[in-house]
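Presented below is the structure to which this report refers.
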Amino acid sequence: MTFLSKGTLRHLSLAALAASAGTVSASADDGLFTDPLMFSYEPYDAGSTKTILVSYRDDSGHKNIVNHTKKMKGEGKQVKEKNHKLKKAHKLKDAPGSSGDKKGKSEKDRRLRWLQEDQAIMAGFSVLELETDDLKAEIAAISAIEGVTAVEQDGMMHIMSTEYEQKIRGGGVVAEHIREIQDAISTTADELPEEDAEAHHGRRLAEETPYGIDMVNASYVWPKTPVMTEPIKICVVDTGYDLGHEDLPKESDGIAGFNNYGQSWSDDGNGHGTHCAGTIGAIGGNGIGVTSVNPDPSKFTFYIGKGLSNSGSGSISGVRNAVEACVEAGAKVISMSLGGGGYSATDNAFYEDIYDQNVLIVAAAGNDGKEAFGYPASYPSVMSVASVDVLRYHSSFSQWNTQVEIAAPGSAVKSTIPDDKYDTKSGTSMACPHVAGVAALLWSHFPNCKNNQIRNAMINSSNEPPSDSKNTPGWDKYYGWGIVNAGNAYELLKNGCEFAGGDSNPPA
């Protein structure tokens, strides 16, 4: 798997990305990873039904899992098994910074531990849904199956907006982040000339251009003619999409989606997914609402994966199901403004497998406002996006770590919400669709490029953030390589996909 160039251009070192200061260890009590630089793991609560993710090294391992579920059914237990075979086998890896030391652990500890053997082969995984009042016993039994390489309990995922964080955590640090954002916007409006201040904040035009669209320089590419034989497909894995919104593409524009949690992709009861979709592809030039990174619905098409429920939360397996549906539908870019839980060895291999299919995955770095890894953004195969404000400074809520790759506008971003309305939201959730939208915009003009070349083009052409204590020349853990710039990346790609970075051969 090739991620990024190691040529003369500015590039991202995967070795550097893999390094972290924390140490991952297994708890003898619960078998879950702990790390001061990671989110704490939060199991997904689906009532009496528990979901377990089980990876296997080969077909015989999967057969043994199926036989085990048959045995469970024979004992009167309720269990369902869904298989996902990877396109090619991957090695399971410990989390960044893990010593991988298994010595001194009891057999029970090893069985309960998520990652049983570092570098073990994973050919696929089974998703088991079962009713049990003794989950640890079930995990231990499944871990003992011949051919099983890792066992994980399904984890919680949620949207990455500061409003959601404030709702679930209350006031405190998140509320302070929001106040800082509001103060920064007011200060910006005071410092700008009157006509510029009105354009950024205040006066309502017939159609507004949110400040982020200008910051990422999307309009530079708009007059160019895409060369793809069909519109590029962008998948938004989120809470859904308000189908029928006055300023968003309709079914006649080729939009389709994947239902989940017993809810429809076309019903966004939360509004978060619709807001993210608006940044990527709100219709431009129609005299209403807002414009977007991709304002012409004839040049792209949406696929919506209901990865999260209307509550704004969901599960790792639910997100995976949505991502799989995106890939099967032919999406080239997947935007994931979500996260939660700790590192998952099987999840890491899953996203590597998707990346090897020439799909670019973009995710929000997280809103914890401190140094911490968030997933899926911190997997090496996923492009991790930090947030900046209207002045291009690092947003106070935006997490930083050695996996942050690029930055984009995420503070006070205006976009679409359900019922033909518009709202301003903040979070790395809002930064992520700017980068995903730029990736799709570029790929539609350079369809022969690979995902890692589009990724490298954005990295190698990014704008340097303003000088401050967090910004260092080149890469840093706050801004990554800098702020994404569609125009610069376009000019770089004009020289050839290889010049942007990465090899020219399609993924094996």
Side-chain angles (χ1 to χ4, degrees), residues 1-5 11-12 14 17 87 216 218 221 226 228 231-238 276-277 279-281 293-294 300-303 305 307 319-320 322-338 348 350-365 376-385 403-408 431-462 480-481 484-486 489-490 492-493 497-498 500-508:
M1 173 176 53
T2 303
F3 290 129
L4 300 163
S5 168
H11 69 276
L12 193 62
L14 291 182
L17 288 182
K87 296 297 181 181
V216 303
V221 186
M228 295 191 76
I232 188 167
K233 186 167 291 186
I234 312 167
C235 185
V236 182
V237 176
D238 213 290
C276 293
T279 295
I280 294 172
V293 177
N294 296 272
F300 79 97
T301 184
F302 272 133
Y303 187 85
V319 169
R320 283 184 185 176
V323 170
E324 286 182 86
C326 294
V327 177
E328 291 172 1
K332 299 294 290 180
V333 179
I334 301 177
S335 182
M336 303 175 68
S337 293
L338 49 78
N348 185 28
F350 170 76
Y351 286 109
E352 282 187 12
D353 193 61
I354 299 300
Y355 195 85
D356 281 348
Q357 296 174 56
N358 201 27
V359 177
L360 184 60
I361 313 157
V362 184
S378 291
Y379 296 126
S381 55
V382 178
M383 200 167 190
S384 178
V385 183
Q403 297 289 76
V404 169
E405 197 163 324
I406 203 162
C432 173
H434 282 93
V435 175
V438 168
L441 183 64
L442 294 170
W443 219 339
S444 67
H445 290 81
F446 303 97
N448 294 326
C449 292
K450 289 173 52 180
N451 54 354
N452 69 295
Q453 293 168 332
I454 296 296
R455 184 178 184 175
N456 257 352
M458 291 189 289
I459 289 170
N460 291 326
S461 64
S462 58
W481 288 104
V484 67
N485 186 303
Y490 179 91
L492 183 59
L493 287 166
C497 298
E498 296 87 346
D503 58 60
S504 59
N505 298 321

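Being a predicted model, the structure only gives us computed values, none of them experimental.
A disulfide bridge connects Cys235 to Cys326: their SG atoms sit within less than 2.5 Å of one another.
Interatomic distance, CZ of Phe300 versus CD1 of Ile232, reported as 10.5 Å (0.5 Å rounding). For the atom pair Gln453 CD and Glu498 CD, the distance stands at 5.5 Å (nearest 0.5 Å). Here the straight-line distance linking atom CG of Asn456 with atom OG of Ser461 works out to 10.0 Å at 0.5 Å rounding. Note that the CG atom of Asn448 and the CG atom of Leu493 stand 11.5 Å from one another [nearest 0.5 Å]. For the atom pair CD1 of Ile334 and OH of Tyr351, the computed distance is 8.0 Å after rounding to the nearest 0.5 Å. Expressed to the nearest 0.5 Å, how far OH of Tyr355 lies from CG of Asn451 amounts to 4.5 Å.
Partner of Met336 under the side chain to side chain contact (heavy atoms under 4.5 Å, CB included) criterion, chosen from Asp238, Val362, Val237, Val236: Val237.
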Could you go through the side-chain contact (heavy atoms from CB on, under 4.5 Å) check for Val323 and Phe350 one step at a time?
-> CA-CA 10 Å; Val323 170; Phe350 170 76; 3.9 Å; yes
Could you go through the side-chain contact (heavy atoms from CB on, under 4.5 Å) check for Asn358 and Lys332 one step at a time?
-> CA-CA 7 Å; Asn358 201 27; Lys332 299 294 290 180; 3.2 Å; yes
side-chain contact (heavy atoms from CB on, under 4.5 Å) evaluation trace for Leu360 with Met458 = CA-CA 12 Å; Leu360 184 60; Met458 291 189 289; 4.0 Å; yes
Under the side-chain contact (heavy atoms from CB on, under 4.5 Å) rule, what do Val385 and His434 come out as? Steps first, then yes or no, please.
-> CA-CA 9 Å; Val385 183; His434 282 93; over 6 Å; no
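Heavy atoms only, all atoms of each residue included: Ser337 and Cys432 are closest at OG-CB, 3.5 Å. Closest approach of Ala218 and Ala486 over heavy atoms only: CA-CB, 4.0 Å. The shortest non-hydrogen separation linking Ala408 to Val484 is CB-CG1, 4.1 Å. Across every non-hydrogen atom of Cys276 and Pro433, the tightest pair is O-CB, 3.5 Å. The minimum heavy-atom distance linking Ala436 with Ile280 is given by the pair CB-CD1, 4.4 Å. In terms of heavy-atom proximity, Arg455 sits nearest to Val382 at NH2-O, 3.4 Å.
The shortest side-chain heavy-atom distance between Ile234 and Asn294 falls under the 4.5 Å cut-off. Put simply, the side chain of Met383 reaches to within 4.5 Å of the side chain of Val435, judged on heavy atoms. Side-chain atoms of Pro380 and Asn348, non-hydrogen and from C-beta on, do get closer than 4.5 Å to each other.
Ring geometry for His445 versus Tyr490: interplanar angle over 60°, hence perpendicular rather than tilted (30 to 60°).
For the pair Ser378 (side chain) and Gln403 (backbone), a donor-acceptor distance under 3.5 Å is absent.
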